[in-house]
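Notes for the one structure printed next.
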There are 2 protein chains.
Amino acid sequence: MPKQTFFNLPEEKRQTIMRAAMEEFASAGYDLSSIQKIIKASDIPRGSFYQYFENKADLFGEVMVEITRRKMVYIRPVIDRDAEYGLFELMKELVKAGVEFGMCDPIAFQVAKGLSSSKTLDMVAFLNEYKKEIYQRNHITEESIYLAAIQNSLGRGEIDSRFSVETILAYTGKIMESMGELYWHHLAEYHDVHAGDHILDDMIHILRYGLSSNNLPGKEAGNHD
Amino acid sequence: MPKQTFFNLPEEKRQTIMRAAMEEFASAGYDLSSIQKIIKASDIPRGSFYQYFENKADLFGEVMVEITRRKMVYIRPVIDRDAEYGLFELMKELVKAGVEFGMCDPIAFQVAKGLSSSKTLDMVAFLNEYKKEIYQRNHITEESIYLAAIQNSLGRGEIDSRFSVETILAYTGKIMESMGELYWHHLAEYHDVHAGDHILDDMIHILRYGLSSNNLPGKEAGNHD
DNA sequence: TTGTCATATGACAGTAGTGTCATATGCAAA
DNA sequence: TTTGCATATGACACTACTGTCATATGACAA
């Protein structure tokens, strides 16, 4: 956590520092970023930096808190309606929300994206600690987002009962990642906002039919409501 | 490419340097690794290092060549039989081969794993160049590995014709990655060589039925050979 | 023996960064 | 006006690194 001094700063100065920090983290990644660059870009003296922050990790933590705050603007509405969604719709909406975030706030998005790189021990430890805190602060857990939807879909018979909740939970995150990356890759390649839509549709299609293999029309009679 | 001097070195000395380099890259990752550490660990004077290599990237390139050589020992037999496999068997076998490699040669594996992190521009550029070269050297391309199997499976009607080869190709890599990571994660967690097997089975199951949705018994008659 | 060439060596200059500290500033209270 | 406190400042000492270069070594060829 930054020191109180930082929070006492006038809004504008705080913003300047945060912006400079985000740009540095976005372009260089955590490992290669330097405090030196950040203080030059935000034009604060070296001594002041240490008046505000313990060190680079401390600043980075605050940046991540800000980024999460921003991302939540896009994600929150989807999560709040998770009971209404089946798993597949939920996943689709979450990926879409993520992409929306990435397009509206590319610098913040870039920093978050860089996180999945950088597998230093320090960084892994930080991420674990950070995730716990973030989810707590937002009154959710990574699991809780999907849990309701999975049980929902299982209950409705959309998902074959051969799969355990645990198993599905394990895939969900990884597949979300893949979908996001593919979508993003398509976007970058074709410069078309909806270029990646069919990716989502196809992946969700595969998932839906793959997970429901038992319940397809014809395999079991009278299962279509 | 390292300088000729390096290749003129006695086998043993070359090995020592490569081992030290791999260990450094494995533990620190490319960005945070240092030449200094490597020359201390392999006990060669600083000047000699630059007699052998242009710089860190040069050494890293050679390390990657070595790692690929080692990994190929596990992958090659599978690739050579790709015409026999359907896409799903091929993927399964490739993931298994990858895991086998990771268990037999953890340091090399760790370096390769770290690669998918480190998204510096330099690193991305290097990877593209490197991949091209490696695949050339081994007379394959990333696509060619899966292409035959995909066409195979499409031809046999195992995959719904609604999906283009292009689309399937795009997923394949990402899904392979996810499977590998999940398998590996399970292995680490349960210390059981076959703990991840059901992950593979489940994911392949989902993929198989998801991709073949049109062709399931009952949807179209007389399609089972 | 002497010359030549490849290679070995480590001191060195230079760069980029970190965290600290003595001192300065400015405001508000006594 | 004086004192005290929070904050500001940048010089400084330190560390970790990189790439180069003048010089040393050793083997082989003339």
Side-chain angles (χ1 to χ4, degrees), chain A residues 1-63 114 118 120-123 126, chain B residues 1-18 20-63 114 118 120-123 125-126:
Chain A
M1 270 261 288
K3 305 181 184 173
Q4 188 52 45
T5 327
F6 177 66
F7 297 110
N8 294 343
L9 245 33
E11 178 72 11
E12 200 193 344
K13 194 166 182 185
R14 235 182 319 142
Q15 294 262 327
T16 306
I17 295 171
M18 289 301 276
R19 195 172 324 119
M22 266 194 212
E23 270 162 22
E24 171 68 358
F25 288 136
S27 74
Y30 180 78
D31 285 344
L32 296 184
S33 66
S34 90
I35 294 174
Q36 196 142 257
K37 296 241 183 72
I38 295 169
I39 63 187
K40 261 177 199 156
S42 48
D43 198 37
I44 57 169
R46 184 161 200 79
S48 293
F49 179 90
Y50 290 94
Q51 208 81 275
Y52 308 146
F53 305 100
E54 216 63 63
N55 48 37
K56 189 165 79 167
D58 191 18
L59 165 60
F60 186 67
E62 187 59 19
V63 165
S118 188
T120 325
L121 285 181
D122 282 359
M123 195 40 62
F126 167 80
Chain B
M1 271 261 288
K3 305 179 185 174
Q4 188 52 45
T5 327
F6 177 65
F7 297 111
N8 294 343
L9 244 36
E11 177 72 10
E12 201 194 343
K13 195 167 182 182
R14 235 183 317 141
Q15 296 261 326
T16 306
I17 294 170
M18 290 299 278
M22 266 194 213
E23 269 161 22
E24 171 68 359
F25 288 136
S27 75
Y30 180 77
D31 285 343
L32 296 185
S33 66
S34 90
I35 295 175
Q36 196 142 259
K37 295 241 183 74
I38 295 169
I39 63 186
K40 262 178 199 154
S42 47
D43 198 38
I44 56 169
R46 184 161 202 80
S48 294
F49 180 90
Y50 289 94
Q51 207 81 276
Y52 308 145
F53 306 101
E54 217 61 66
N55 49 38
K56 187 166 78 168
D58 190 18
L59 165 61
F60 185 67
E62 186 58 18
V63 165
S118 189
T120 325
L121 286 182
D122 282 359
M123 195 39 61
F126 166 80

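Below, chains carry the letters A, B, ... as their sequence lines are ordered, and counting in each starts from 1. FYI, side chains are in, hydrogens and waters are out, and symmetry mates aren't considered; it's all heavy atoms of this structure.
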Answer whether the closest heavy-atom distance between the side chains of A:Glu54 and A:Met1 falls below 4.5 Å.
no

Taking the six-membered ring of A:Tyr30, is the NZ or CZ of A:Lys56 close enough (under 6.0 Å from the centre) and on axis enough (within 45°)?
yes

Could you tell me how far apart [X] ([atom1]) and [N] ([atom2]) are, to the nearest whole angstrom?
| X | N | atom1 | atom2 | result |
| --- | --- | --- | --- | --- |
| B:Lys3 | C:dA8 | NZ | C1' | 13 Å |
| B:Phe49 | D:dC21 | CZ | P | 17 Å |
| B:Asn55 | D:dC17 | CG | P | 17 Å |
| A:Gln51 | C:dA22 | CD | P | 14 Å |
| B:Ile38 | D:dA16 | CD1 | P | 17 Å |
| A:Gln36 | D:dA16 | CD | C1' | 14 Å |
| A:Phe7 | D:dT7 | CZ | P | 13 Å |
| A:Phe53 | C:dG19 | CZ | P | 13 Å |

Could you check whether atom NZ of B:Lys40 has more than 12 heavy atoms from other residues, nucleotides or ligands sitting under 6.0 Å from it?
no

Over all heavy atoms of both residues, which pair between B:Ala20 and B:Ile38 is shortest? Give the atoms and the distance, please.
CB-O, 4.0 Å

Can you name the nearest heavy-atom pair linking A:Ile35 to A:Tyr50, along with the distance?
CD1-OH, 3.4 Å

So does B:Ser34 get a side-chain nitrogen or oxygen closer than 4.0 Å to the phosphate oxygens (OP1/OP2) of D:dA16?
no

[X] near the nucleic acid: base, sugar-phosphate alone, or nothing, with a heavy-atom cut-off under 4.0 Å?
| X | value |
| --- | --- |
| B:Ile44 | nothing |
| B:Ser48 | base |
| B:Lys37 | sugar-phosphate |
| A:Tyr52 | sugar-phosphate |

Counting side-chain heavy atoms from C-beta on, which of [options] comes nearest to [X]?
| X | options | value |
| --- | --- | --- |
| B:Tyr50 | D:dT20, C:dG19, D:dA8 | D:dT20 |
| A:Asn8 | D:dT7, C:dG10, D:dT18 | D:dT7 |
| A:Arg46 | C:dT18, D:dA8, C:dG10 | C:dT18 |

